[in-house]
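Only one structure is covered here, and it is reproduced in the block below.
Throughout, numbering of the chain's residues begins at 1 and tracks the sequence. Only heavy atoms go into these numbers, but all of them, side chains included; no hydrogens, no water, no symmetry mates.
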Amino acid sequence: MHVGLREWWATNAVGGLGFNSVHLLLADNLFQRSIQEQRKTHRASFASIVVRLQVTKVPSRKPHSRPIVSYYFPEGVGEHHYGERHPMKPHRLSLTNALVMGYGLDKQIHNIYNPRPATRAELEVYHDPQYIEFLSKVTPGNQDEMKHLIDTFNCVEDCPVFADMYDFCKMYAGGSLAGARKLAAGTTDTAINWSGGLHHAKRGEASGFCYVNDAVLAILELLQYHPRVLYIDIDIHHGDGVELAFYHSNRVMTVSFHKYTGDFFPGTGKLDDNGAGLGKYFCLNVPLQDGIDDNMYLTVFKEVIGNTVTHFQPTSIVLQCGADSLGLDRLGAFNLSIAAHGECVNFVRTFGVPLLIVGGGGYTIKNVSRCWTYETAVLVDAAVPDELPATIYDSFFADSGWKLHPPLTGKVENQNSPASLQRITISIAEKLRYLAGAPSVAMREIPPGLEAWLAEETKTADERDEEVGTADAGERRDDRTMARNEFFEGEADQDQDDGGAQEPSAAPERVRPRRRGPGRPRKTRGRGRSAPGPSSLRDEVEVDEETDEPAPRRTTRTKSARGRSRTARTRRKEKVVEKESDKEDVESETNADGTAPMDLDIEA
């Protein structure tokens with residue numbers, strides 16, 4: 001439009017309307033200003049429309065910027081008591097909860113629950129009903145009457161009978177089960193139950209201060225909705241109870257970082273203990289020695305767990321955070337700090353997989369409560385000061401100046417070398433190579449790579465021959481088999497054996513064919529059974545090339561290679577061959593008799 005107006009002005013100026021170039025320039029400037037004013041007006045109106053739309057727009061719900069954390073603390077769980085001299089102190093749970101609330105972490109936690117106790121039916125999902133029956137009935141008052149059952153279920157010394165023991169078991173197991181159900185429902189991202197993690201309990205007996213294995217029960221709950229669960233154990237003691245429960249499963253991978261000397265409780269967890277059956281290589285153990293420090297532990301932990309997550313691809317993780325791996329623990333011998341222990345938790349959190357956090361060991365209760373409080377702050381992504389908040393348990397922390405991170409390292413000599421740790425990580429990496437793919441519940445029972453490996457071990461020699469070719473398949477069998485169109489005419493039948501005709505009284509000699517290697521040339525499919533083959537590849541080739549040359553003594557073998565029935569024409573050929581053979585025999589005898597007189601005449 002602008003260009004057309006300028007052309008009109010130029011045309012009329014030329015046409016003698018009295019307009020000159022000055023008039024044209026003024027008109028052009030006026031038109032430019034009018035265009036700019038119109039653009040400003042349009043922009044202002046558009047901006048007002050955008051503002052009105054922003055005001056009237058319905059706000060959409062943004063995804064949460066940090067994971068939803070649920071905290072489970074069974075009321076009264078810290079009031080139980082194993083005994084005066086027993087190292088296990090449930091009171092540590094009360095200290096932990098007081099510090100969590102004192103730091104104000106309850107305001108950062110999305111949900112705080114007082115879970116219901118586990119029912120007997122829920123406990124019997126894994127444990128023997130007879131064992132649960134015993135736990136529900138035994139008390140300090142009747143333990144003398146149930147002495148035989150106490151010995152049977154190993155409730156002695158480490159696992160004493162104390163008041164309300166069965167209620168205590170149902171409390172901490174109920175917390176882990178509630179967290180697992182919440183994760184399975186997808187209504188939380190991280191579930192915390194510091195009262196759980198009692199990982200030594202077996203299916204039918206108590207062990208290592210543990211009566212009910214809440215970790216196993218939680219994993220079984222997760223397996224109802226998650227195809228693959230990864231269990232990580234950073235307790236100083238080997239997580240033998242959980243490993244044993246899933247030793248033959250490929251849906252649960254257990255990884256335990258622990259002290260192993262052979263005589264340190266529970267005495268299991270060697271590097272070569274890797275599962276069995278379908279669970280082969282789904283059980284990993286990282287045996288460590290006394291005094292391992294923060295740098296070594298974190299290096300091994302991150303490398304092993306990183307590779308495990310990459311190969312196994314878990315859909316949920318259960319992390320047992322036993323605090324007896326800290327320095328200065330009453331029963332431990334490591335040099336880990338609270339910060340390093342918490343860094344392990346933070347590293348697992350970064351995978352973004354539904355995560356269940358449980359407690360475990362830890363027998364210096366003031367350090368246990370500090371550690372689990374700090375890790376709660378890590379899980380809710382909150383920074384907490386080093387100064388401990390004021391609680392009713394201040395007397396427990398007075399010797400360290402009420403600090404969250406007291407010095408705990410350097411008290412035990414480090415017996416781990418970089419070379420030994422490197423051997424462990426390399427060995428575990430080699431085992432993870434057998435996991436060709438994460439197991440799929442819907443499509444396969446075991447991973448494809450492991451399935452092929454197990455099938456290769458169980459193959460027979462005939463099955464291995466079939467992989468090379470079907471020409472010799474089944475020739476290793478001792479029993480004779482014949483085609484349906486092949487006849488057996490008696491002991492003198494030349495088709496029955498590989499050699500020539502046999503005497504009627506003599507039993508036919510079986511000739512076992514020699515197995516042909518993968519590099520040997522295959523015989524044609526139409527070729528029948530022959531005499532024992534050559535002793536080398538070169539002999540076999542020479543035999544194949546010289547089949548048309550007459551042999552010094554021809555056999556009378558007339559077996560039909562294609563399994564056809566013997567006809568009259570074949571019998572006539574046999575007679576001709578027999579005559580030629582007899583003629584050769586006569587000539588051979590004549591030559592032999594005539595040679596001697598000739599030699600005598602020459603000598604005379």
Side-chain angles (χ1 to χ4, degrees), residues 61 63-78 93 96-97 100-101 105-126 168-199 212-233 242 245-246 251-253 309 313-321 345-346 348-360 372-373 375-382 441:
R61 182 179 180 272
H64 53 273
S65 58
R66 59 191 179 93
I68 298 177
V69 179
S70 298
Y71 183 84
Y72 296 86
F73 182 76
E75 185 178 356
V77 70
L93 302 171
T96 302
N97 192 61
V100 168
M101 301 302 169
L105 296 177
D106 55 324
K107 300 178 180 59
Q108 305 292 329
I109 298 172
H110 295 80
N111 304 302
I112 298 179
Y113 297 101
N114 175 22
R116 64 167 177 83
T119 63
R120 179 168 178 171
E122 291 173 339
L123 298 180
E124 291 178 356
V125 170
Y126 172 65
F168 173 71
C169 295
K170 292 191 297 181
M171 283 183 180
Y172 71 77
S176 297
L177 284 171
R181 286 192 294 266
K182 202 78 170 177
L183 291 170
T187 55
T188 190
D189 299 311
T190 304
I192 304 172
N193 177 33
W194 294 123
S195 63
L198 278 69
H199 56 168
V212 170
N213 201 318
D214 64 290
V216 172
L217 295 174
I219 292 173
L220 291 175
E221 181 68 26
L222 290 171
L223 287 176
Q224 297 185 27
Y225 302 92
H226 291 269
R228 295 174 300 278
V229 179
L230 173 62
Y231 172 78
I232 306 172
D233 196 314
V242 182
F246 302 103
R251 292 184 58 194
V252 178
M253 172 164 281
V309 172
Q313 299 178 15
T315 56
S316 60
I317 298 177
V318 177
L319 176 59
Q320 199 265 15
C321 302
V345 177
N346 184 55
V348 175
R349 181 180 69 96
T350 58
F351 291 113
V353 178
L355 178 61
L356 174 62
I357 301 291
V358 293
W372 290 347
T373 300
E375 288 171 353
T376 302
V378 169
L379 292 169
V380 299
D381 198 16
V441 178

Quiz item: If you measure from CD1 on I232 to CE on M253, what distance do you get to the nearest 0.5 Å?
Solution: 11.0 Å
Quiz item: Does R251 reach the main-chain N or O of L223 with its side chain, forming a donor-acceptor pair under 3.5 Å?
Solution: yes
Quiz item: By side-chain hydrogen bond (donor to acceptor under 3.5 Å, both in side chains), which residues pair with S195, not counting sequence neighbours?
Solution: N193
Exercise. Could you tell me which residues satisfy salt bridge (Lys or Arg N to Asp or Glu O under 4.0 Å) with R116, sequence neighbours excluded, listed by chain and number?
Key: E122
Self-check item: With sequence neighbours excluded, residues passing side chain to side chain contact (heavy atoms under 4.5 Å, CB included) with A173
Solution: A118, L123, V212, D214, L217
Quiz item: If you round to the nearest 0.5 Å, how far is CG of L222 from CG of L177?
Solution: 9.5 Å
Quiz item: What is the minimum heavy-atom distance between P115 and A178, and which atoms define it?
Solution: CB-CB, 4.0 Å
Exercise. Start with the C-alpha distance between L230 and F351, add both sets of side-chain angles, then the distance that settles side chain to side chain contact (heavy atoms under 4.5 Å, CB included), and finish with yes or no.
Key: CA-CA 12 Å; L230 173 62; F351 291 113; over 6 Å; no
Self-check item: Set of side chain to side chain contact (heavy atoms under 4.5 Å, CB included) partners for T315, sequence neighbours left out
Solution: H226, P227, R228
Quiz item: So, does Q320 use its side chain to make a donor-acceptor pair with the main chain of G197 at under 3.5 Å?
Solution: yes
Quiz item: Could you go step by step and tell me if I112 and F73 meet the side chain to side chain contact (heavy atoms under 4.5 Å, CB included) rule?
Solution: CA-CA 8 Å; I112 298 179; F73 182 76; 5.8 Å; no
Quiz item: CD1/I357 to CG/L319 distance, rounded to the nearest 0.5 angstrom?
Solution: 4.0 Å
Practice problem: To the nearest 0.5 Å, tell me how far S70 OG sits from Y113 OH. | Solution: 4.5 Å
Quiz item: What pairs with Y225 under side-chain hydrogen bond (donor to acceptor under 3.5 Å, both in side chains), at least two apart in sequence or on another chain?
Solution: none
Quiz item: Quick check: does any side chain N or O of T188 sit under 3.5 Å from a backbone N or O of I68, one acting as donor and the other as acceptor?
Solution: yes
Self-check item: Considering all heavy atoms, the nearest P67-D189 contact
Solution: CA-OD2, 3.4 Å
Practice problem: Could you list the residues that satisfy side-chain hydrogen bond (donor to acceptor under 3.5 Å, both in side chains) with S316, not counting sequence neighbours? | Solution: none
Self-check item: From CG (N97) to OH (Y71), nearest 0.5 Å
Solution: 4.0 Å
Quiz item: Looking at OG1 of T373 and CH2 of W194, how far apart are the two atoms once the value is rounded to the nearest 0.5 Å?
Solution: 8.5 Å
